[in-house]
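Everything below concerns the one structure shown next.
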Number of protein chains: 2
Amino acid sequence: MSDLLARLRARRWRLTAQRRVVAQVLDGDHVHFTADEIHARAAALLPEISRATVYNTLGELVAIGEVLEVSTDGRAKRYDPNAHHAHQHLVCDSCGTIRDVHPSVDPLAGLPAAERYGFTVSRVAVTYRGLCPDCAARSAADPAADSAPARAKA
Amino acid sequence: MSDLLARLRARRWRLTAQRRVVAQVLDGDHVHFTADEIHARAAALLPEISRATVYNTLGELVAIGEVLEVSTDGRAKRYDPNAHHAHQHLVCDSCGTIRDVHPSVDPLAGLPAAERYGFTVSRVAVTYRGLCPDCAARSAADPAADSAPARAKA
DNA sequence: CCCTACCTTAGACAGTGTCTAAGTCAACAG
DNA sequence: CTGTTGACTTAGACACTGTCTAAGGTAGGG
Ligand SMILES: [Mn+2]
Ligand SMILES: [Mn+2]
Ligand SMILES: [Zn+2]
Ligand SMILES: [Zn+2]
């Protein structure tokens with residue numbers, strides 16, 4: 001993943017300081033940041049970077065397949081740097097934590113031809129939902145205060 | 001589904017004119033409208049209904065499990081009146097059309113215990129993506145003008 | 001028919017994402 | 001190394017989706 005910059009150069013991208021810091025933020029932990037979280041972290045490295053540039057750069061990275069867009073809640077899209085290893089997501093309904101998971105069978109195989117209605121089906125996104133161990137413990141201790149998803153963490 | 005009003009009465013809901021027209025719009029075709037689409041259709045029946053009431057009513061219907069929320073794109077949530085028959089969705093990347101589909105196996109079964117990280121997994125949402133027959137034909141005829149998803153239709 | 005707790009309303013506000021016009025600069029040619 | 005140029009970046013306005021509040025209205029029980 002660290003040769004992302006090399007791949008971008010190969011695509012004749014102009015390597016600006018702004019694009020470098022966005023790539024650097026994505027290269028950190030394999031988490032699932034929102035665009036504005038990425039902007040905040042990028043701005044820590046290059047204070048004058050604008051929100052528009054972060055959105056533009058993310059949009060381009062998604063278009064060329066270097067980053068995936070993930071919409072697990074109805075809120076901000078999250079950007080997934082783990083684009084080169086197919087996986088799905090497991091989300092906590094209470095705290096919003098997101099984990100990468102790897103189903104045992106290709107989820108595309110579960111859709112019979114009769115259920116495809118002539119579509120050319122090429123991708124599938126699976127979001128498993130439930131409670132993470134921490135939130136399950138907390139809600140066992142205090143049966144109220146449930147289902148108020150805080151901001152997602154990972 | 002037409003006894004939705006009876007079920008609401010059983011829950012001691014106050015049956016206002018506003019809630020009736022929202023239920024009536026949802027009872028129509030089994031499509032996947034956004035809140036604002038539902039508001040527009042409800043307003044055709046009851047012109048003074050407010051946006052806030054439609055949002056409130058939909059939120060309550062979701063909370064009691066009479067309607068499902070579906071987020072297939074990063075845009076507006078869609079509301080699915082087909083809440084009593086488990087199903088998944090098939091979405092056209094180009095025109096946004098949404099169809100109900102029924103996988104041959106329970107998608108929850110595809111996630112091994114080792115991939116659950118202690119979560120209590122209770123639900124799963126699967127979104128199959130590709131091109132509908134119309135859009136596939138159109139993009140074969142005109143290989144440009146791809147991947148510019150118009151507003152979703154169903 | 002009256003009460004009152006619950007519901008609805010208009011409009012302000014917040015979060016997320018897009019767009020534009022003007023300025024800037026990375027990359028390349030010379 | 002330097003000049004040129006088209007791609008890139010910027011601030012801020014704008015659009016869309018959803019939430020909230022305070023004030024007024026009304027369904028349904030008595
Ligand atoms: Mn991921
Ligand atoms: Mn559906
Ligand atoms: Zn949690
Ligand atoms: Zn289509």
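Chain A is the first sequence line, chain B the second, and so forth, proteins listed ahead of strands; every chain is numbered from 1.
When the side-chain nitrogen and oxygen atoms of Tyr55(A) are compared with OP1 and OP2 of dT18(C), none of them lie within a distance under 4.0 Å. Note on Gln18(B): every side-chain N or O is 4.0 Å or more away from OP1 and OP2 of dG25(D).
Residue Arg75(A) places no side-chain atom within donor-acceptor reach of the base of dG15(C), judged by atom type and a 3.5 Å distance cut-off alone. Contact annotation: side chain of Arg14(B) to base of dT26(D), donor-acceptor pair present below 3.5 Å.
Separating the NZ atom of Lys77(B) from the C1' atom of dC16(D) is a distance of 14 Å, rounded to the nearest angstrom. dG17(C) atom P lies 9 Å from atom CZ of Arg51(A), rounded to whole Å. Remark: P of dT24(C) and CG of Asn56(A) are 18 Å apart, rounded to the nearest angstrom. Here dG17(C) presents its P atom at 10 Å from CG of Asp73(A), a figure rounded to the nearest Å. Spacing between atom NE2 of His39(A) and atom P of dT16(C) amounts to 14 Å, rounded to whole angstrom units. In this structure, the CD atom of Glu48(A) is 12 Å from the P atom of dT9(D), given to the nearest Å. Going from atom CH2 of Trp13(A) over to atom C1' of dC28(C) covers 20 Å, rounded to whole Å. Computed from coordinates, the Arg12(A) CZ to dC28(C) C1' distance equals 11 Å when rounded to whole Å.
Residue order along DNA chain D, read from the 5' end via each residue's closest nucleotide, puts Ala17(A) first among Ala17(A) and Asp36(B). With DNA chain C read from its 5' end, the first of the two nearest nucleotides for Gly74(B) and Val54(B) is the one closest to Val54(B).
Formation of a donor-acceptor pair under 3.5 Å by the Thr34(A) side chain with backbone atoms of Lys77(A) is not found in this model. No donor-acceptor distance shorter than 3.5 angstrom exists from the side chain of His89(B) to the backbone of Ala125(B), with no hydrogens or angles considered. Under the 3.5 Å distance criterion, the side-chain polar atoms of Arg51(A) are left unmatched by any main-chain donor or acceptor of Asp36(A). Judged by distance alone, the side chain of Glu115(A) and the main-chain N or O of His102(B) form a donor-acceptor pair under 3.5 Å.
Heavy atoms of Thr16(A) sit under 4.0 angstrom from primed sugar atoms or phosphate atoms, though from no base atom. Nucleic acid contact for Arg19(B): sugar-phosphate only, since backbone atoms but no base atoms lie under 4.0 Å from a heavy atom of the residue. Among the atoms of the strands shown, base atoms are found under 4.0 Å from some heavy atom of Ala52(A).
Counting only heavy atoms from C-beta on, Ser50(B) has its side chain closest to dA10(C) among dT9(D), dA10(C), dT17(D).
By the 6.0 Å and 45° rule, Arg99(B) does not stack over the aromatic ring of Phe119(A).
With Val21(A) as reference, Leu45(A) is the one residue of Leu45(A), Leu26(A), Thr16(A), Ile38(A) to meet the side chain to side chain contact (heavy atoms under 4.5 Å, CB included) rule.
One end of the helix from dC1(C)-dG30(D) to dG30(C)-dC1(D) points its axis 30° away from the other end's axis, with each axis taken from 5 pairs and the angle rounded to 10°.
In terms of hydrophobic clustering, with Ile, Leu, Val, Met, Phe, Trp and Tyr side chains grouped at heavy-atom distances under 4.5 Å, Leu131(B) and Leu90(B) are assigned to different clusters.
Ring orientation note: the planes of His87(A) and His32(A) are tilted relative to one another, at an angle of 30° to 60°.
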